[in-house]
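Atoms within each ligand, like the ligands themselves, are counted from 1 in listed order.
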Amino acid sequence: MTGYGPARAMPRRTLVRREPFLRIKGRGRSVVLTFDDGPDPRYTPEVLRTLKAHDVRAMFFVCGEMVVENRDMLRKMADEGHVIGNHTWSHPLLTELTRSAIRSQMERTSDVIEQTCGARPGWFRAPYGAWNRAVFEIGAELGMEPLAWSVDTLDWTAPSSQSIERRVLKGAAEGMVVLAHDAGGDRSPSVRALRRYLPRLLDSGYHITVPRWQTR
Ligand SMILES: [Zn+2]
C-alpha cells in the first residue's frame, strides 16, 4: 500500500461493496479488536496501555470531531502500529443525510486523519452500522473498505465488564471482529473487560491482528 504518497494525491478507489466485511481472515486463529467513537482522553490511553502490555495491534474507528481535540492521542495510536479507520466527523445516521453531507462527513474525517498521522485511512465504519448504497459508493471513492463486526460487546448498553468479557469469549472464532467503544459514554467497563478478555484470548491460542491493508 502506498500510504505516504504526495500529500494531496487522490485516493485510489476501491470496489463498491454491497455490504460491509463482517470478519477478517488472517493467518491461523486470528481475531480483530476494534474500538469506536474516540479518541477520548478518559479511556483511550488505558486501552492503548493494555494493548501495548500484550504487544498486540487493534483498529480504532475515530470521529473527526474527537480527533481535532486529541491529535496527540491519534499520533500515538498510529505510532504504536494500530490501524486508524474513519467513523465520520460527528457520528450521524448517514442514511438520513444527503449525498453531499455523507461525503463531507467522511472526507473531512479522512483529511484530519491524514493531517495528523500522514496517511489516509483504508477502512471506514458507518455509525450505528447504518449503511446504504451512497455510503458504500462514497467510501469506495475515498479509497476505503467498509468494516462491520461479528461480535458486538453491547458496551453501549452499559453492561458490567463481566458481561462484556463473556460476550467476547463466547463469540470467539476465527476471523471474529469485536466491536467495543473507547468513547461516547462511561467506558470504564469496556476498559476493564479488555484487561480480562485479551489475555484469555491469547491463552486460548488466538492471534490478535489487524488487516494488512491499513492505509492508502
Ligand atoms: Zn460509533
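With Asn70 contributing its side chain and Pro39 its backbone, the two residues share a donor-acceptor pair below 3.5 Å.
Salt bridge annotation for Arg75-Asp72: present, with a cationic side-chain nitrogen under 4.0 angstrom from a carboxylate oxygen.
Checking His87 against the Zn ion (ligand 1), an N/O/S atom falls under the 2.8 Å cut-off. Taking backbone and side-chain atoms together, His91 has an N/O/S atom less than 2.8 Å away from the Zn ion (ligand 1).
For the residue pair Thr153 / Arg167, no side-chain donor-acceptor distance below 3.5 Å is found, with atom types taken as modelled.
Checked against the Zn ion (ligand 1), the N, O or S atom of Asp37 at the shortest distance is OD1.
Between Trp131 and Phe136, the two ring planes are parallel [angle under 30°; tilted spans 30° to 60°].
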